[in-house]
Amino acid sequence: MKGDRHKHRFFRVVSNRKVAAKTWELALEGDTSDFTAPGQFVNIAVAGKYLRRPISVCDISGSRLTLLYDVVGEGTEVMSEMKPGDTADVLTGLGNGFSLAVKTDKPLLVGGGIGCAPLLMLARSLCKEGKRPVVVLGFNTAADVVLKKEFEDMGLDVYVSTADGSEGTRGFVTDAIAEKNPDFDYFYTCGPLPMLRALCERLAQPGELSLESRMACGFGICMCCVLETRSGLKGICKAGPVFPKDELIWK
């Protein structure tokens with residue numbers, strides 16, 4: 001069943017460093033065999049906290065697992081204090097992830113803030129299949145920009161928008177798409193809900209959306225992330241976090 005299979009693993013912290021104004025990169029070493037698709041997530045235990053933190057996987061290379069997270073509260077503040085050599089208690093293999101079986105020759109990847117993280121592994125997977133996605137990233141300011149260089153190092157066209165105009169197009173990802181007018185036939189996206197809704201309303205092409213930012217417990221048991229779809233009520237943690245554009249109902 002989608003979203004409810006997981007393995008309990010212990011990873012070793014390799015590095016934990018600040019990479020933007022409020023964003024940290026956590027690299028872990030361990031068994032990554034449970035992951036089958038880009039866009040899946042982990043549930044990581046935080047010392048002194050009852051609930052685990054669901055975080056989308058940014059990248060996997062062999063036994064190296066990379067996560068990006070924003071320090072926005074007590075739990076993530078504790079995570080930022082993890083040191084190399086520490087043991088991380090992690091539940092892996094969660095979520096359905098993005099589909100690589102879609103027939104698309106010209107994919108577009110759109111990330112908003114920390115939502116750009118799962119798109120890195122997706123881009124690598126698409127490139128291995130001989131596809132060359134265009135990438136659009138949106139942030140509040142230039143100080144928040146992450147992963148731009150990593151996408152560019154793959155030889156991809158990368159367009160950035162910032163709300164204050166400090167880098168790239170002034171405005172939002174929809175403004176950058178309108179300005180750059182990339183040629184695409186399918187889109188993959190992850191980011192805050194208002195961004196996802198705007199993309200669905202303005203893009204005629206089909207696509208997939210990761211609602212990772214709406215996840216709460218990571219198991220679908222707290223019912224905080226239930227949303228209405230064309231096939232009934234679904235919890236993002238259990239049925240997602242990735243949903244086809246045409247399945248979502250916006251009110």
Side-chain angles (χ1 to χ4, degrees), residues 6-49 51-95 97-98 109 111-125 127-128 135 137 139-156 158 160 167 190-191 210 212-213 215 218 241:
H6 65 269
K7 296 289 180 63
H8 189 188
R9 307 286 192 190
F10 291 99
F11 284 73
R12 180 179 61 85
V13 176
V14 177
S15 62
N16 192 21
R17 63 191 183 97
K18 192 174 184 179
V19 293
K22 61 178 180 179
T23 305
W24 290 67
E25 177 195 81
L26 176 63
L28 303 171
E29 193 82 23
D31 187 345
T32 60
S33 62
D34 307 317
F35 298 99
T36 59
Q40 291 181 293
F41 64 95
V42 300
N43 253 14
I44 186 166
V46 179
K49 302 297 176 182
L51 293 177
R52 291 171 174 267
R53 294 302 187 272
I55 302 175
S56 287
V57 173
C58 178
D59 203 11
I60 293 174
S61 179
S63 61
R64 180 71 61 90
L65 173 71
T66 303
L67 307 173
L68 291 187
Y69 63 96
D70 283 346
V71 175
V72 292
E74 291 183 8
T76 46
E77 181 68 36
V78 173
M79 283 182 59
S80 70
E81 297 170 358
M82 296 175 72
K83 301 291 191 297
D86 287 351
T87 297
D89 182 332
V90 183
L91 300 183
T92 68
L94 293 162
F98 292 108
L109 311 187
I114 199 67
C116 64
L119 301 181
L120 183 64
M121 186 176 171
L122 174 61
R124 295 197 197 284
S125 300
C127 287
K128 287 179 181 177
V135 181
L137 306 175
F139 304 94
N140 287 325
T141 73
D144 301 311
V145 175
V146 291
L147 297 184
K148 179 174 180 282
K149 182 179 185 301
E150 285 81 351
F151 286 112
E152 290 176 336
D153 286 345
M154 287 185 244
L156 303 179
V158 182
V160 172
E167 182 170 343
C190 181
S210 172
E212 184 259 0
S213 65
M215 290 195 300

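- Between F98 and S210, the closest heavy-atom pair is CZ-CB, 3.8 Å.
- Taking OG1 from T32 and CD1 from I60, the interatomic distance works out to 5.5 Å, rounded to the nearest 0.5 Å.
- For the pair L94/Q40, no side-chain contact is recorded, criterion being any heavy-atom separation below 4.5 Å from C-beta on.
- Within a 6.0 Å sphere centred on CD of E74, heavy atoms belonging to other residues, nucleotides or ligands number 12 at most.
- Contact check for L109 versus L156: no side-chain heavy atoms found under the 4.5 Å cut-off.
- Counting only heavy atoms from C-beta outward, the side chains of L67 and C58 never approach each other to under 4.5 Å.
- A side-chain donor-acceptor contact under 3.5 Å links T76 to the backbone of V72.
- R53 places a side-chain heavy atom less than 4.5 Å from the side chain of L51.
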- Task: Dump the intermediate steps for side-chain contact (heavy atoms from CB on, under 4.5 Å) on L122 and C190, then the final yes or no.
- Result: CA-CA 11 Å; L122 174 61; C190 181; over 6 Å; no
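- A distance of 11.0 Å separates OG in S125 from CG in L119, rounded to the nearest 0.5 Å.
- Between atom CZ of residue F139 and atom NZ of residue K148 there is a gap of 10.0 Å, rounded to the nearest 0.5 Å.
- Separating the NZ atom in K49 from the CD1 atom in I44 is a distance of 14.5 Å, to the nearest 0.5 Å.
- Of the inter-residue distances, the one linking F11 atom CZ with D86 atom CG reads 15.0 Å to the nearest 0.5 angstrom.
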- Query: For L147 and L68, what are the C-alpha separation, side-chain angles and deciding distance, and is it a side-chain contact (heavy atoms from CB on, under 4.5 Å)?
  - Reply: CA-CA 10 Å; L147 297 184; L68 291 187; 3.8 Å; yes
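- Proximity of a side-chain donor or acceptor of S56 to a complementary backbone N or O of G39 within less than 3.5 Å is not detected.
- Distance alone, capped at 3.5 Å, places no donor-acceptor pair between the K22 side chain and the A20 backbone.
- Residue pairs meeting the side-chain hydrogen bond (donor to acceptor under 3.5 Å, both in side chains) criterion with at least one member in residues 8-19, sequence neighbours excluded: H8-D89, R9-D31, R9-D34, N16-Y69, R17-E25.
- Counting only heavy atoms from C-beta outward, the side chains of E212 and F41 never approach each other to under 4.5 Å.
- Counting heavy atoms from C-beta on, the side chains of V145 and L137 never come closer than 4.5 Å.
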- Message: Show, in sequence, the C-alpha distance, side-chain angles and deciding distance for I55 and M79, and conclude whether the side-chain contact (heavy atoms from CB on, under 4.5 Å) test is met.
- Response: CA-CA 12 Å; I55 302 175; M79 283 182 59; 3.5 Å; yes
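- Atoms OG1 and CG, on T92 and L28 in that order, are 11.0 Å from each other to the nearest 0.5 Å.
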- Working for side-chain contact (heavy atoms from CB on, under 4.5 Å), residues V13 and L26: CA-CA 7 Å; V13 176; L26 176 63; 3.9 Å; yes
